[in-house]
Each structure stands twice: as structure tokens, then as C-alpha cells.
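Residue numbers count from 1 along this sequence.
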Amino acid sequence: MNGPGDPNEGGVRADPVDEAGPLDRETALRLLARADQLFDEGQFEEAGRYYQRIYGFDDPPITASALYGLGNALYRLNREEVALTVWEQILKLPETPSTYLAWRQIAALRVREGDLNGALTAYREADRRAPAADKAEIASRLGWLAKETGDKRGAARHFRRSRGSTMPIVTYGIIAITVIVSISAWAGLNVSRGGVDYGPIYPALWLDKAAVAQGELWRLVTVTLVHAPDPTFMFIHLGFNMYALYLVGPVVETIYGPARMALMYVLTAIAGSTASFVFVPQGQSVGASGAVFGLFGILLVASRVHHPMLDRRGRAITAQVGTLILINLALGFGAGGGSIDNAAHVGGLLGGMWLALILLPPGAPTLSGMWQRPTGTQPAGWRASPLLQAIGVAALALVLAVGLLVGSQAYRRGAAGEFNEQPLAGAALPQIGA
């Protein structure tokens, strides 16, 4: 008796689909590939025969793939109830890549049957297993089903997810840490007739230009954690910066995702601090406004170059960001009275604009990514490759390193001049309507 795929008595290789008995792995995979080919050619009944031959193979991923294909073939043959039963068999197997696909097919079939609650359950199961690329689509369908079943709050939540809008944990984390550290630093102040004792926190974290010249580079970032050491102005300074961060931070985090939001905040803080070190070498500076201006720059460029799909709040803030930048720069240069570190504002702004230009948004879908020509191709546009994005970030890092080197050498040559005892406050003053 010939085994599966062995030549028969006439010397012709037997088709294993017609053979009885167990299959080896190589034969099962060959049958699966042939079934997929027949399905793609529109030979659904013949494809179903091949898929059915593989059913029962003792490798769950292969069996699940065969069941998924068989269900699709039956559905194309207008045997929807049988197809549903076959897809449900996949759910009884151990978890495989086909489990997610089966839940999607079951959900879609439930929608066509009018069983919206059943579809909701199935799409929720699919959402738990969906790859990142499918998350937005599944969330959109969950939003539609929630809306149709009367769950307006759930619908709004799912639609936000479909646009990439999730809780901005990095933004809220930065705000929480900054507020705690700033208030703790302020609590350590001691103002007397003899002068001001800044306590332990301010001197450890502020942007002390002399200390930076000696290699204390952490101050380029930690300066964002402390604000004006003045009993009255500190709360105004901190409040304005944190309110601005509360407004623009979630939008940037929606566009770029939490990891890139954190990276961009740090890099724009360094850019602002480096500009301050080079152009305002005297004294000390405090405040997060260099990084906040960086987020303004990111939003300004990203919204016009990458065209992210945002919710109503995000669109409203994005539409006003250019005006906000101009107002805050005008206030800094015109009404600062020498106490506002405008170099940090401009440095952070330019750093943010460069990062937004070179880095593609992975967090929110974009109009260019959603639109296709009738031929199925995407339109030509600014699409930096991963290598080019890495080179762009490296270029910024190189510019900042050169700036620090130049500033340090100038400082050591005595070009810095006299130091001021009162730290400069880099306050951003956003006036954003709801």
C-alpha cells in the first residue's frame, strides 16, 4: 500500500488529499499551501476539500489554519451557518494566530446577522489579540457597535482609541513629577534679610552654567523640574508651564506614542538648555518652558507635514499652536525684563520642529497613510526611512554636543562674564481656549 504522496502502481504520484491515514508535517503544509492557492483562484469547493483533509493534524497552528480556510471557503459557498461552526472550532484549540482571525470572522458574521451584542463580544476578543496594525480598525468597529447598542460613553472611548487617543501616561507622569519636585524645592527656600537660602534641591537641579561647563550635564534635563524660586511667582511660573504641558503634551503623545513623547521631551529640554548655556552664559536658569516650547514646535510641524488624524480637542489645539508660539515669544522678548530665558525657548522650539520633521508618527493614523490612489498605491510625500530618522536624531545630538563644547570653551576663557545670583525663569504663557 502506498503512503501519502508516494507513486502509485502506474508510476504517477498520488495526490495526498485522496489518501487515507495520518499526514506528516511536510505533507500537511504542502496541502495547506495548495488549499490557499485554490482559494485564491476562486475554487472554493476544491479548496475546502484540501482544508478538510488537514483537519485533525496534531499541530494546533496547522489545524487552526485549515479550519480557518475551510470556514472561509464555506462562507464563499453561502453556507454561513456551517462556516460559523467551523470558525468556532478554532476557539476550542490552544491559542494560535488563527484564533484572532476566527474571532474577527465570527464578529463580522454576527453583525450581518443583526446580533450586535454577540458582535461586540467577538470584537472584544479580537481586540485582545489584534496586532498593533489592526488595533485602530477594531477600535473603530467597537465604537460603532457601542453607539448602535446605546453605549455612548463606550463609543466615545473606542473612537478615541481608533484615532490613537489613549491616556497620556507620559505627559501626566511628567506633570506629577515636576509639580512634586518644584513644590519640594520651594518648601526648602529660606528668605531672610541676609539673603536667600535656596536649600538643597534648587542648587542640585537648576541649570547652573558654571556647573555645566564643569561637566554636570544632567542639569540640561533636571532644570525642567524646578521653577522660579520666588514665593509668589513660583506658582505662576509652574502653573503656566504645567497648563501648557497639559494642553499640548497629550496631543503630541497621541501622535507619536508614549516612548517617543518621552524621548522628544528630553531632547527638546536639552536643546533649550544648550541654547541657554551658549547664549545666556551667566547665572542659573530654571523651568520647563524650553521643553514646552519644544512640544509647541513638534505640534506645529507634525500637524502640517504628517497630517495626523486627531480628535476635536487635538484639532482645536493644533490650529492655535502657531499663534501661541508667536504670543509667547513676543512676551518673552518684549515684557521679560531680562528675567526670561528666551534662548531656552527658541532652542527648544527649533529642536522640536526638527524632531517633528524627521520622525514619523507611529501613534496616530495620518491622512497620507489612509489615502490611496485608485491604483492602490500611496501618494508620494515626505516619508523618512528608519535610517534617515536615526540620522536626523543623531544630527540633532551632534549639534547639541557641538553647542556644549563651544559654550564650555567660551566659559573657560572667561567669556561668560559675571554670574547673576537670581535664576532666570523661562515661563511660557499659553492662552488656549477650550
K.L.:
Would you give the length of the straight line joining atom OH of Y202 to atom CD of Q284, rounded to the nearest 0.5 angstrom?
P.N.:
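Between Y202 OH and Q284 CD, I get 12.5 Å after rounding to 0.5 Å.
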
K.L.:
Any chance CZ of R313 has more than 12 other-residue heavy atoms, nucleotides or ligands included, within less than 6.0 Å?
P.N.:
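Above 12, so yes.
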
K.L.:
Are there over 12 heavy-atom neighbours, none belonging to Q52, within less than 6.0 Å of that residue's CD?
P.N.:
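No, because the 6.0 Å sphere around CD of Q52 holds 12 heavy atoms or fewer from other groups.
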
K.L.:
Assess whether atom CD of E26 is packed by more than 12 heavy atoms of other residues, nucleotides or ligands within 6.0 Å.
P.N.:
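Not buried by this count: 12 neighbours or fewer within 6.0 Å.
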
K.L.:
For residues T274 and L220, report the shortest heavy-atom separation together with the two atoms involved.
P.N.:
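Heavy atoms of T274 and L220 come nearest at N-CD2, 4.3 Å.
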
K.L.:
Can you sort out the partners of V170 under side chain to side chain contact (heavy atoms under 4.5 Å, CB included), two or more places apart, ordered by chain and number?
P.N.:
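Here the qualifying residues are I174, E253, P258, M261, A262.
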
K.L.:
Check this for me: does any side-chain nitrogen of one of R104 and E137 sit under 4.0 Å from a carboxylate oxygen of the other?
P.N.:
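Here R104 pairs with E137 in a salt bridge, since their nearest N and O are under 4.0 Å apart.
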
K.L.:
For I106 and L91, what are the C-alpha separation, side-chain angles and deciding distance, and is it a side chain to side chain contact (heavy atoms under 4.5 Å, CB included)?
P.N.:
CA-CA 11 Å; I106 292 169; L91 310 182; 3.7 Å; yes

K.L.:
Search all heavy atoms of A35 against all heavy atoms of A47 and return the closest pair with its distance.
P.N.:
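That closest heavy-atom pairing would be O-CB, 3.5 Å.
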
K.L.:
Check the pair K209 / V280 against side chain to side chain contact (heavy atoms under 4.5 Å, CB included), numbers first and verdict last.
P.N.:
CA-CA 9 Å; K209 314 300 172 57; V280 190; 4.2 Å; yes

K.L.:
To check you understand the geometry: which heavy-atom pair defines the closest contact between A146 and T149, and what is its length?
P.N.:
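So the two residues come closest at O-OG1, 3.1 Å.
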
K.L.:
For the residue pair Y51 / D36, report whether a side-chain donor-acceptor contact shorter than 3.5 Å exists.
P.N.:
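Yes.
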
K.L.:
Students often mix this up, so state it plainly: with edges at 30° and 60°, are the rings of H306 and Y256 parallel, tilted or perpendicular?
P.N.:
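Taking Y256 first and then H306, their aromatic rings stand perpendicular (interplane angle over 60°).
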
K.L.:
If we only count heavy atoms from C-beta on, is the V393 to L359 side-chain gap below 4.5 Å?
P.N.:
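When only atoms from C-beta onward are counted, L359 and V393 do touch, with a gap below 4.5 Å.
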
K.L.:
What residues, two or more places apart in sequence or in another chain, satisfy ring-ring contact (aromatic ring centres under 6.0 Å, His included) together with F57?
P.N.:
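F57: no ring-ring contact (aromatic ring centres under 6.0 Å, His included) contacts found.
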
K.L.:
Can we say R219 and D208 salt-bridge, meaning some charged N sits less than 4.0 Å from an Asp/Glu carboxylate O?
P.N.:
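No.
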
K.L.:
Out of curiosity, L388 CG to I358 CD1, how far, rounded to the nearest 0.5 Å?
P.N.:
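Atom-to-atom, L388:CG and I358:CD1 are 4.0 Å apart.
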
K.L.:
What is the distance from atom CZ of R34 to atom CG of L29, rounded to the nearest 0.5 Å?
P.N.:
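Atom-to-atom, R34:CZ and L29:CG are 16.0 Å apart.
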
K.L.:
Give the C-alpha distance, both sets of side-chain angles, the deciding distance and a yes or no for side chain to side chain contact (heavy atoms under 4.5 Å, CB included) between T171 and Y265.
P.N.:
CA-CA 9 Å; T171 300; Y265 188 82; over 6 Å; no

K.L.:
Counting distance only, does the side-chain N/O of Q320 pair as donor-acceptor with the main-chain N or O of A316 below 3.5 Å?
P.N.:
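Side chain of Q320 to backbone of A316, a donor-acceptor pair under 3.5 Å: yes, one is there.
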
K.L.:
Under the ring-ring contact (aromatic ring centres under 6.0 Å, His included) test, which residues partner Y100, sequence neighbours left out?
P.N.:
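ring-ring contact (aromatic ring centres under 6.0 Å, His included) check on Y100 returns nothing, list empty.
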
K.L.:
Are V111 and L145 side-chain neighbours, meaning at least one heavy-atom pair lies under 4.5 Å?
P.N.:
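In short, these two side chains touch, coming nearer than 4.5 Å.
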
K.L.:
Could you pull out the closest heavy-atom pair between A83 and L74, with the gap in Å?
P.N.:
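The pair with the smallest heavy-atom distance is CB-CB, 4.0 Å.
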
K.L.:
Could you note down all residue pairs passing ring pair (Phe, Tyr, Trp, His ring centres under 6.0 Å) where residues 21-49 supplies at least one of them, sequence neighbours left out?
P.N.:
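Ring pair (Phe, Tyr, Trp, His ring centres under 6.0 Å) check on residues 21-49 returns F39-F44.
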
K.L.:
At what distance, to the nearest 0.5 angstrom, does CG of L207 lie from CG of L205?
P.N.:
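Those atoms lie 11.5 Å apart.
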
K.L.:
Find the distance between CG (L142) and CG (L120) and round it off to the nearest 0.5 Å.
P.N.:
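Going from CG on L142 over to CG on L120, the span is 6.5 Å.
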
K.L.:
Rounded to the nearest 0.5 Å, what separation is found between the CG atom of L23 and the CG atom of D59?
P.N.:
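Interatomic distance, L23 CG to D59 CG, rounded to 0.5 Å: 12.0 Å.
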
K.L.:
In plain terms, say whether E45 and R49 are close enough for a salt bridge, that is, a side-chain N and a carboxylate O under 4.0 Å apart.
P.N.:
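Answer for the salt bridge query: no.
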
K.L.:
Who are the ring-ring contact (aromatic ring centres under 6.0 Å, His included) partners of F235, not counting sequence neighbours?
P.N.:
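Once residues adjacent in sequence are excluded, the partners of F235 under the ring-ring contact (aromatic ring centres under 6.0 Å, His included) criterion are W186.
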
K.L.:
Between E88 and R110, is the closest basic N to carboxylate O distance under 4.0 Å?
P.N.:
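Salt bridge flag = yes for E88 with R110.
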
K.L.:
Taking only residues two or more places apart in sequence, or in another chain, which ones meet W354 in a ring-ring contact (aromatic ring centres under 6.0 Å, His included)?
P.N.:
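With neighbours one apart ignored, the set is empty.
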
K.L.:
Taking all non-hydrogen atoms of both residues into account, name the closest pair between T224 and A269 and its distance.
P.N.:
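In terms of heavy atoms, the two residues are closest at CG2-CB, 3.7 Å.
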
K.L.:
Taking the ring centre of each residue, are F296 and F293 less than 6.0 Å apart?
P.N.:
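Between F296 and F293, the centre distance is under 6.0 Å.
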
K.L.:
Taking all non-hydrogen atoms of both residues, which atom of I201 and which atom of A185 are closest, and how far apart?
P.N.:
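Closest approach of I201 to A185: CG2-CB, 3.5 Å.
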
K.L.:
Pairing donors with acceptors under 3.5 angstrom, does anything connect the side chains of N241 and H227?
P.N.:
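The answer is yes; a qualifying pair exists.
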
K.L.:
Quick check on R112: does its CZ atom have over 12 non-hydrogen neighbours (other residues, nucleotides or ligands) under 6.0 Å away?
P.N.:
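Yes.
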
K.L.:
Carefully, step by step, assess R141 and D127 under the rule side chain to side chain contact (heavy atoms under 4.5 Å, CB included).
P.N.:
CA-CA 10 Å; R141 297 186 181 189; D127 186 45; over 6 Å; no

